[in-house]
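Worksheet for the structure shown next.
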Amino acid sequence: MGRAKHRSSAETRLKGVPLAPGVAVGRPCFYELHHAEPDSASQAGPQRETQRLGNSLRWLARQRSVLARKAEARLGPAHAEIFDAHRLMLADESFQSQLLRVIEVKDCSAEEAVETELNRYMEQFEAADSDYLRQRGADIREIQQALLGYLNRRVACRHCRDVAACSVGHCRQGNDHILVGAEISASLPIETDKHTIGFIVEKAGPNCHAVILARALGYPVIGNIRELPGCIPPDAQILVNGDTGEVILDPTEETLSRYQSVFTTGGQSLQHSEPVPGLKVMANIEQSADVHDAIAAGAEGVGLYRTEMELLAAGRLLSEAEQAARYREVVKAMAGKPVCIRLLDLGADKTAQWLATTQQGHAVARQRGARLLLARPELLREQARALARASKHGPIHVLYPMIVDVRQFIELRALFDQAVADLQPRGLQHGVLFEVPAACLAARQIMQVADFGCIGTNDLVQYLFAEDRGGGGVSGHTCFETDALLWELIQQLSQVARQAGKPMAICGELAGNTDFTCRILQAGISAISTSPSRIAKVRRAAQI
Ligand code: PEP
Ligand code: MG
């Protein structure tokens with residue numbers, strides 16, 4: 001909990017508005033948002049400015065895509081829609097052409113076009129009658145600031161008493177801290193590291209997306225504290241009470257002991273739980289550092305490591321050595337427990353400019369998962385070699401994404417084996433992610449040659465019912481997760497695996513939804529992979 005010092009001097013109390021419940025104590029970390037002014041000096045003619053604008057829009061759309069996937073993994077598809085909406089706005093043709101028109105007509109810089117045009121949008125939202133619409137103005141501001149940040153090549157940074165500047169999501173000090181800032185952006189609660197345990201903001205409403213996300217992640221948030229950050233000394237210890245809106249600076253020992261039993265651990269409210277008989281619960285992770293959450297939650301393994309997120313987060317391809325280092329970290333940390341590492345599931349919405357650099361260009365980037373790996377064997381080769389190197393440190397199960405038939409799996413496996421022939425990998429298992437209906441229909445054949453299977457319910461639901469990911473139950477559509485056809489398919493896959501004498505796990509949103517835990521067990525599946533924060537809940541649901 002990071003209470004470095006207990007003080008006996010008088011404490012100071014500030015009163016704000018409670019926006020998200022919970023109580024936490026930590027050091028202040030001051031978060032600076034971009035306040036980039038339009039930089040007219042950078043103007044280099046309409047053609048160049050148009051190009052700069054296009055680059056910034058594409059960059060931000062990709063960044064939002066990564067955030068959407070992170071939000072989906074931690075909170076489910078409804079929360080991912082916040083970032084998907086940002087992405088759709090950035091890709092909207094009339095939005096883009098309006099910005100381009102401003103550059104042409106005003107003969108101004110990309111920064112100035114972003115500043116003036118998005119200010120116009122914000123004014124429209126701020127003039128709305130409904131509070132809900134007024135709070136959407138915050139999304140426009142976030143998009144504006146991020147674009148300006150990119151164009152000016154500035155990054156948001158955080159600083160505390162001890163360190164001049166850390167990048168968002170990486171506290172170099174490792175102190176538990178309360179983020180203090182004028183505003184809170186929607187990306188912030190998703191991007192912060194495990195040391196962040198609460199937020200104090202000057203301006204925010206209960207319905208802005210940033211607060212909705214912070215609340216869902218379990219962070220206490222207090223708004224409307226005036227004269228921030230000046231009213232909080234950098235060396236203070238702060239107690240935030242998100243239930244009452246109270247901020248206590250340098251709480252006395254008496255105060256701390258009064259709150260002792262109610263301290264939350266913010267977004268990292270990872271409850272540890274012990275395994276339950278008859279059900280193996282593993283963790284989904286997206287980056288190697290997430291393995292510590294898996295361990296803290298008591299996961300019986302890593303059931304899904306979405307390795308493409310490492311590349312998307314880095315914004316570039318990673319070398320064999322860089323990938324091997326990440327996989328090694330996870331495998332070593334899991335100390336003998338199985339680690340299921342998915343081959344790169346890139347393409348479609350998880351794409352990036354750096355992916356389409358070879359002769360085939362965009363046509364390749366539009367393919368996804370297995371198909372993309374077959375079209376870009378050098379990607380598979382590097383990753384296979386990295387996995388083979390990491391396999392010396394513990395058991396690795398390699399999961400093949402978006403497989404459509406047995407031929408595709410055999411072809412990829414052959415390429416994998418070829419790539420690692422000189423490395424003598426140790427005990428690698430190769431399995432298929434059943435997430436495309438065609439592969440499910442071919443499951444009997446596939447399970448003859450695969451070592452294990454895993455049902456990926458997110459894409460399976462999408463492709464089975466022609467429904468956008470996250471559409472069911474979120475936008476008022478039918479919830480396909482309860483459809484009898486889906487459950488018949490899950491049951492069939494489980495039966496096929498049993499007959500082949502091979503394990504079959506389940507992952508995706510449905511797997512972590514406790515409404516379905518018993519149904520999963522009844523379908524004959526006894527291995528679930530879900531986000532670390534849901535492991536304890538799933539285990540509890542299995543015992544009812
Ligand atoms: C799935 O489709 O269910 C799955 C686990 O993969 P992702 O969500 O990464 O597409
Ligand atoms: Mg999938």
Side-chain angles (χ1 to χ4, degrees), residues 65-81 83-84 281-287 290 294 299 301-313 339-352 367-373 383 397-404 408-409 431-440 443 452-474 480-481 483 486-487 489-490 493-494 504-513 516 520 523 525 527-532 534-535 538:
S65 212
V66 173
L67 286 169
R69 304 310 299 248
K70 286 188 172 177
E72 181 176 340
R74 289 178 73 180
L75 297 168
H79 291 90
E81 282 181 6
F83 299 106
D84 282 331
V281 191
M282 297 173 289
N284 294 344
I285 64 167
E286 309 213 323
Q287 289 183 266
D290 299 342
V302 167
L304 175 66
Y305 179 1
R306 291 177 161 107
T307 55
E308 65 282 357
M309 302 307 282
E310 297 275 14
L311 278 64
L312 291 166
V339 176
C340 183
I341 304 185
R342 184 170 71 181
L343 293 179
L344 298 172
D345 184 14
L346 286 164
D349 62 327
K350 287 187 281 190
T351 196
Q367 299 173 347
R368 182 181 160 192
R371 220 172 263 150
L372 179 90
L373 292 172
Q383 188 172 26
H397 296 192
V398 186
L399 188 58
Y400 290 59
M402 302 303 290
I403 289 288
V404 297
Q408 209 182 36
F409 175 63
V432 167
L433 189 54
F434 287 94
E435 52 184 345
V436 178
C440 298
F452 68 97
C454 181
I455 305 170
T457 57
N458 295 337
D459 279 308
L460 187 55
V461 168
Q462 162 171 246
Y463 292 114
L464 198 56
F465 300 106
E467 168 71 348
D468 281 352
R469 277 172 80 117
V474 171
F480 291 112
E481 292 184 338
D483 197 291
L486 174 69
W487 287 95
L489 195 51
I490 292 174
L493 288 166
S494 139
M504 177 72 72
I506 192 165
C507 64
E509 190 54 26
L510 179 147
N513 184 333
F516 300 121
I520 289 171
I525 306 270
I528 285 177
S529 190
T530 185
S531 69
R534 295 194 204 173
I535 289 179
V538 167

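A quick note: this is a predicted structure, and the numbers were derived from the prediction, not measured. First listed ligand is number 1; within each ligand, the first listed atom is number 1.
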Side-chain donor-acceptor contact under 3.5 Å, Glu310 with Tyr305 = yes

Got a sec, which residues hit side chain to side chain contact (heavy atoms under 4.5 Å, CB included) with Thr530, two or more places apart in sequence or on another chain?
-> Val281, Ile528, Arg534, Ile535, Val538

Listed partners of Thr457 passing side-chain hydrogen bond (donor to acceptor under 3.5 Å, both in side chains), at least two apart | none

Gln462 and Asp459: side-chain donor and acceptor closer than 3.5 Å?
-> yes

Is the distance from the Mg ion (ligand 2) to some N, O or S atom of Asp345 under 2.8 Å?
-> no

Taking the Mg ion (ligand 2) as the vertex, measure the angle between atom OE1 in Glu435 and atom OD2 in Asp459; round to 10°.
-> 100°

Quick one: sort the Phe480 and Phe465 rings into parallel, tilted or perpendicular, breaks at 30° and 60°.
-> parallel

Run the numbers for me: atoms of ligand 1, each under 4.0 Å from some heavy atom of Arg368, listed by number.
-> 10 (O)

For ligand 1, which atoms have a heavy atom of Leu304 less than 4.0 angstrom away?
-> 5 (C)

Examine distances only and state if a side-chain atom of Glu435 and a backbone atom of Met402 form a donor-acceptor pair shorter than 3.5 Å.
-> yes

Distance-only, no hydrogens or angles: does the Glu308 side chain make a donor-acceptor pair with backbone N or O of Asp345 under 3.5 Å?
-> yes

N/O separation below 3.5 Å, Asp459 to ligand 1 = yes

Taking atom 7 (P) of ligand 1 as the point of reference, which of Glu435, Arg69, Gln462 owns the nearest heavy atom?
-> Arg69

One finds that the ligand 1 atoms under 4.0 Å from a non-hydrogen atom of Thr457 are 3 (O)

Any N or O on Arg306 sitting closer than 3.5 Å to an N or O of ligand 1?
-> yes

Atoms of ligand 1 under 4.0 Å from any heavy atom of Cys507, numbered from 1 in the order shown, are 5 (C)

